[in-house]
Amino acid sequence: MEKYIITLAFIAILHYPFQCFVRSLKSLLAARAMNLPIFWMPILQDGVLWQLTKRFYRPLISQLPLRLRQSEWFDLWYPDWRFVAKHELHKKYGDVFLVVSPGSLSIEVADAELAAEIITRSKYDFVKPNWPYSLLNIFGENVVSSGGATWRRHRKATASQFGSTIHKQVWRKSLILGQELLSMWTNHGATISTVPNISLDLEFLVLRVILSVGFGVTVQLNRKTHESDPPNVGGISSFAAAMEQVITNLTKLLVFPDGILKYGPSSWRSVHGSATWVRTFLENLIWTETRKQKQSLTFTGHYQEASNMLTGLVRQGICHSESQKYREKQDLLSDEEVMGNMFILAFAGTNSTADSLKYSLILMALHPDIQQWLIQDIDTAIDYDEDAANPLEWREEILLPKLIAPYCMETLRHYPPLTAINKSTGRKSQIVTLHGSPFVIPEDVNVNISLNALHHNPRYWGENALVYQPHNWDIRCKCDWPEGMDKDKDAQETLDITSRAPPVRSPVKGSYLPFSDGARGCLGKRFSQVEFVAIVTMIFRHYRIELAVGESESWEDARCRTQAILNDSASSPTLSLQRPVPLQFVRRGH
Ligand code: HEM
């Protein structure tokens, strides 16, 4: 008996490394056949374990001896290596190279033509890998986490919520909330005020926009900034605080089961309490909305006008049969799926937009000359308007085309929230075009479109690709970016003859993908752009932003400190600042 147990234990211990060895060998053979440069990695850098634990290694890794850090495989080992390396590794290995690691074969893409093909091909050719998206199902399956026919049903229901009516509400709400935030930051209009940390307030602002436009929930601004206790159950503002806590602690919720969080340390219990409260609140919202809609249908024969995204989603889900099969056949969402989508819209819409705003404000403080251009652009667009004094009269169709391309797009070129768009060939090999010839990518290969590498590839962005240069998006500006053949759809859509907006330079197709593209492209692109422009306009119409220079610091020291913080950004799960950057708001004209 003992002999059997020892043998079984021995087999169990050897099984994993043996399996890794076999799979690595298989990957290596497949990689050799592809005839592309190969990078061998001893760990699975996109694997579950590494991704979930990398924040603990990060500080340790930076303490390793320089020689070790300079070794080749370290380049890919470093968490967020795509953001750190940008296009550097591709300079060494080419715009398309392979990474072989235990049990996995990945292809890293910084070639615009190939990226465009992968992203716009049929959604069944290059699929989204299950990990890590399936982890986002904490409140129910949703449009981000699902695949295949289920995804089609979710996409149909959610995409129809993003129309011009919603975008108009986003514009209005962002202006109102932006004004409130500015007033809070500047102590109701002080000439100079220092804000030590813009991050939490911007995240809360953006969350409030989505709660309002998405769920019809209005939240006051007076929040506790460093909330460590579980929010009091019962009120709307506690729901916003709970939602914020859930979004910032998503990793904890994904990794630890309910039972562990509930009995863990107090901060874990707090997160558990927030998640439970968010679920209860969302369930109540859905239940109330469904009842309202059903009543309207019974008494008036039609549904109520959709005043927010929740109303629209609930209408998509209302069904008089409880059968799952019937729902799926009719493309309907269950209550749990409506809840999953509400959460994911709040999650997808909060961090990415808030981060792009944070980076933009900091970049403006770092580049006073560019800030001056932005202020001029805002002033000319608003002065064109008849009622310039009332922000609610500022016209979105004039401001958007002027500001999106240079400021929003250039910020996202340098700081895209996702460092890569991850796809996989799944169970079928795919034939693509690489350097003008057919090229086979075998089954089960991860295809990572590296946004940081693409967005800094000198082939598409010139030799100064690393420099922040918003005005290169203006076609009248001399620059070394090659002109793309296909005009950027969105930039062109926003051009309007009344706008006096500069014509936009189109990047080479596939070289600029912060919102991804194709069937699984971002649903909230316009939503976030409207929000971005409203908030940026509100701030710079009244204030200038400067770096808050410490007492013993020169401006140059403050600049280097700020740049170091930007360079130290990390994905958690979207790219974000790890330390605050204090900023000074100076009333314009002073
Ligand atoms: C700066 C702002 C934003 C950026 C850069 C961004 C970027 C992206 C990217 C790259 C994807 C594709 C992800 C992948 O394939 O793995 C995506 C998907 C998505 N985004 Fe955004 N996003 C932004 C804002 C928003 C907002 C405001 C919302 C909603 C209010 C939103 C909702 C979604 C949804 C629902 C998907 C999934 C689409 C699908 O899989 O069919 N995003 N976004």
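Both ligands and their constituent atoms are indexed starting at 1 by order of listing. The residues of the chain are indexed from 1 along the displayed sequence.
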Are [X] and [Y] close enough that a side-chain donor and a side-chain acceptor fall under 3.5 Å?
X: Asn422; Y: Asn448; value: yes
X: Asn567; Y: Gln563; value: yes
X: Thr574; Y: Ser352; value: no
X: His414; Y: Glu410; value: yes
X: His455; Y: His87; value: no
X: Ser145; Y: Asn137; value: yes

Please list the nearest protein heavy atom to [atom] with its residue and the distance rounded to 0.1 Å.
atom: atom 7 (C) of ligand 1; value: Pro514 O, 3.4 Å
atom: atom 13 (C) of ligand 1; value: Leu418 CD1, 3.7 Å
atom: atom 36 (C) of ligand 1; value: Val144 CG2, 4.0 Å
atom: atom 16 (O) of ligand 1; value: Tyr133 OH, 2.7 Å

Select one of side chain, backbone, both or neither to describe which atoms of [X] lie under 4.0 Å from any atom of ligand 1, heavy atoms only.
X: Trp151; result: side chain
X: Val143; result: both
X: Tyr415; result: neither

* Asked: Which of the listed options, Lys128, His154, Arg155, holds the heavy atom that is closest to atom 15 (O) of ligand 1?
  -> Lys128
Distance filter under 4.0 Å to [X] heavy atoms, resulting ligand 1 atoms:
X: Ile421; result: 10 (C), 15 (O)
X: Ile210; result: 30 (C)
X: Phe162; result: 29 (C), 30 (C)

* To do: Measure the shortest side-chain to side-chain distance between Ile539 and Ile535 over non-hydrogen atoms and say whether it is less than 4.5 angstrom.
  => yes
* Residues Glu531, Lys173: salt bridge by 4.0 Å N-O rule -> no
* Is ligand 1 less than 4.0 angstrom away from at least one heavy atom of Gly521? -> yes
* Examine Asn422 against ligand 1 and note whether any of their N/O atoms are separated by less than 3.5 Å. => no
* Asked: By ring-ring contact (aromatic ring centres under 6.0 Å, His included), which residues pair with Phe97, not counting sequence neighbours?
  -> His90, Tyr93
* To do: Check whether the ring centres of Trp394 and Trp171 lie less than 6.0 Å apart, and answer yes or no.
  => no
* In terms of heavy-atom contacts, does CG of Leu392 have more than 12 from other residues, nucleotides or ligands at under 6.0 Å? -> yes
* Relative to atom 21 (Fe) of ligand 1, how many protein N, O or S atoms have a separation of less than 2.8 Å? -> 1
* Asked: Relative to Phe83, does Lys86 satisfy both conditions: NZ or CZ under 6.0 angstrom from the six-membered ring centre, and within 45 degrees of the ring's axis?
  -> yes
